[in-house]
Number of protein chains: 2
Amino acid sequence: MPTTTKEPTYEIGQFAGIVGLSAPTIRYYENQGLLKARRTANGRRYFTEQDIKWVKFLLHLKGTGMSINDLKKYVTWRAEGDSTIPYRLDLLKQTKADFMEEYRQVQHHLQILNDKIDWYEAKESGKDTGKEPFADYLKQVGHEE
Amino acid sequence: MPTTTKEPTYEIGQFAGIVGLSAPTIRYYENQGLLKARRTANGRRYFTEQDIKWVKFLLHLKGTGMSINDLKKYVTWRAEGDSTIPYRLDLLKQTKADFMEEYRQVQHHLQILNDKIDWYEAKESGKDTGKEPFADYLKQVGHEE
DNA sequence: CTACAACTTAAAGTGAACTTTAAGTCAACT
DNA sequence: AGTTGACTTAAAGTTCACTTTAAGTTGTAG
């Protein structure tokens, strides 16, 4: 008794929905060479579970700051086989380094944003109490660099 | 003995250098209403230490994800006085909420990136030893969502 | 068998945030 | 006084990552 359940396939619309992109974006990615779609006899694209995993992986890389162009490089090298692993590794490491740098800066930006929110909240609550000991506090939180 | 040291002022190029933007970008920001420049008798812009602080603050907000349009709203409300503080606070809080959401996602993306780097490094070091116990490891780190 | 939704293509359009260009004015140095 | 570099403007151009359009084909439900 063959329990060979055939792997499900998806047309572009369904596939797009699953990976959280639009159908045109999927076509765009295919044109950019980031993914390749199988075709039915009538020329319609269809995708597999593997494709879902692949796109999700690409989106993770993209989410760390890799541009479409970076992804293209990666995909091209990947297609060229194991000899390009050092290039791919360098690219990923550089991506990580850039990410970490951005991360640090963004932490600082968040700090300032939080300070400002606190500042406004203190000011608002002060408005209600009628008191205003905020002139000093104001200076204190005056964003020095 | 008057120690009244006059506050230094900067022309657009110097100012741009200090805040880390280009002169055209400063002009662009001024056109967008994000900052206002004083002018000399001859129509040249000049900027003060206050302007430096202001732009740096804007860049911190921008760095947390606020668009030029968001910044415009903020600046407009700010110019309208204390009555708009609730709007400004809402905008900053929403910015923070969006930021935190993005932050969470990006943490996950980084995790995947790190996994992949580890995976490539394991593969590379494996190539040198000649051993290959990586088939299993490979599957383990096969990015499930 | 006829709707109608979902697919196909190539090409043009969009929005965000600048950047570049062109033509001109002005300040500072030798 | 002349050259050079920094400024002035408005407008057009650039880049990125899609999105929209237009015209046509195909699969399915009634």
Side-chain angles (χ1 to χ4, degrees), chain A residues 8-48 51 55-56 58-75 95 98-99 102 105-106 109, chain B residues 8-48 51 55-56 58-76 91 95 98-99 102 105-106 109:
Chain A
T9 63
Y10 310 95
E11 289 210 336
I12 197 169
Q14 220 181 333
F15 180 66
I18 290 166
V19 300
L21 296 171
S22 71
T25 299
I26 297 294
R27 292 192 196 99
Y28 168 72
Y29 280 8
E30 192 192 11
N31 284 338
Q32 296 305 303
L34 299 189
L35 52 93
K36 37 258 136 324
R38 305 276 155 66
R39 301 292 183 124
T40 66
N42 297 307
R44 290 195 172 194
R45 291 173 183 82
Y46 67 90
F47 302 87
T48 67
D51 296 321
V55 171
K56 283 187 173 173
L58 284 183
L59 292 179
H60 282 308
L61 292 188
K62 189 161 181 293
T64 62
M66 284 181 77
S67 63
I68 298 290
N69 232 296
D70 283 341
L71 292 173
K72 264 171 165 167
K73 280 190 206 168
Y74 182 83
V75 170
T95 298
D98 294 347
F99 177 94
E102 178 66 17
Q105 291 184 29
V106 133
H109 299 321
Chain B
T9 63
Y10 310 95
E11 288 211 338
I12 196 168
Q14 221 181 331
F15 179 68
I18 291 166
V19 300
L21 297 172
S22 70
T25 299
I26 298 293
R27 291 191 196 100
Y28 168 72
Y29 279 9
E30 192 192 11
N31 285 336
Q32 296 306 305
L34 299 188
L35 52 93
K36 36 262 132 324
R38 303 277 152 66
R39 299 293 184 124
T40 66
N42 298 307
R44 289 195 173 195
R45 292 173 183 82
Y46 68 90
F47 301 87
T48 68
D51 295 322
V55 171
K56 284 187 172 173
L58 284 183
L59 291 179
H60 282 307
L61 292 188
K62 188 160 182 295
T64 62
M66 283 180 78
S67 63
I68 298 289
N69 232 295
D70 283 342
L71 292 173
K72 264 172 165 169
K73 280 189 206 171
Y74 182 85
V75 170
T76 302
L91 177 56
T95 298
D98 294 347
F99 177 93
E102 178 65 17
Q105 292 184 30
V106 133
H109 299 321

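Proteins get letters first, then strands, A, B, ... in listed order; numbering begins at 1 in each.
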**Prompt:** C:dA16 P sits how many Å from B:Asp70 CG, rounded?
**Reply:** 11 Å

**Asked** Is any side-chain nitrogen or oxygen of A:Lys72 closer than 4.0 Å to OP1 or OP2 of D:dC16?
**Response** no

**Asked** D:dT19 phosphate, OP1 or OP2: any side-chain N/O from A:Ser22 under 4.0 angstrom?
**Response** yes

**Asked** Any side-chain heavy atom of B:Arg39 sitting closer than 4.5 Å to one from B:Arg45?
**Response** yes

**Message:** Return whichever of A:Leu21 or B:Gly13 has its heavy-atom-nearest nucleotide of DNA chain D closer to the 5' end.
**Reply:** B:Gly13

**Request:** Figure out the CD/P separation between A:Gln32 and D:dA17, and round it to whole Å.
**Result:** 9 Å

**Request:** Tell me what B:Tyr29 touches on the nucleic acid: a base, only sugar-phosphate, or nothing, going by heavy atoms under 4.0 Å.
**Result:** sugar-phosphate

**Request:** Over all heavy atoms of both residues, which pair between B:Ala16 and B:Ala23 is shortest? Give the atoms and the distance, please.
**Result:** CB-N, 3.6 Å

**Complete:** In terms of heavy-atom contacts, A:Glu30 and A:Leu35 come closest through CG-O, 3.3 Å

**Asked** Heavy-atom contacts under 4.0 Å between residues 35-46 of chain A and DNA chain C, which residues?
**Response** A:Arg39, A:Gly43, A:Arg44, A:Arg45

**Request:** Would you kindly give the CG-to-C1' distance between B:Asn31 and D:dA10, to the nearest whole Å?
**Result:** 10 Å

**Request:** Take atom CD1 of B:Ile26 and atom P of D:dT8, then tell me their distance rounded to the nearest Å.
**Result:** 11 Å

**Asked** Any side-chain N or O of A:Thr25 under 4.0 Å from OP1/OP2 of D:dA17?
**Response** no

**Prompt:** Rounded to the nearest Å, what distance is computed from the NZ atom of residue B:Lys73 to the P atom of nucleotide C:dA16?
**Reply:** 11 Å

**Prompt:** Got a sec: does the NZ of B:Lys72 have more than 12 other heavy atoms crowding it under 6.0 Å?
**Reply:** yes

**Request:** Report yes if a side-chain nitrogen or oxygen of A:Lys62 is closer than 4.0 Å to either non-bridging phosphate oxygen (OP1 or OP2) of D:dC18; otherwise report no.
**Result:** yes

**Request:** Give the rounded distance in Å between these two atoms: CG of A:Leu34 and C1' of D:dC16.
**Result:** 14 Å

**Request:** Taking all non-hydrogen atoms of both residues into account, name the closest pair between B:Val19 and B:Leu59 and its distance.
**Result:** O-CD1, 3.6 Å

**Asked** What nucleotide, of D:dT20, C:dA17, C:dT8, holds the atom closest to the side chain of A:Ile12?
**Response** C:dT8

**Prompt:** Does B:Phe15 reach the side chain of B:Val55, with side-chain heavy atoms less than 4.5 Å apart?
**Reply:** yes

**Item:** Residue whose closest nucleotide on DNA chain C lies nearer the 5' end, B:Glu11 versus B:Asn69
**Value:** B:Asn69

**Fill in**
Rounded to whole Å, CD of B:Gln14 lies from P of D:dG5 at a distance of 17 Å

**Message:** How many whole angstroms separate atom CZ of A:Arg27 from atom P of D:dA22?
**Reply:** 16 Å

**Message:** Is a donor from one side chain sitting under 3.5 angstrom from an acceptor on the other, for B:Asp51 and B:Thr48?
**Reply:** yes

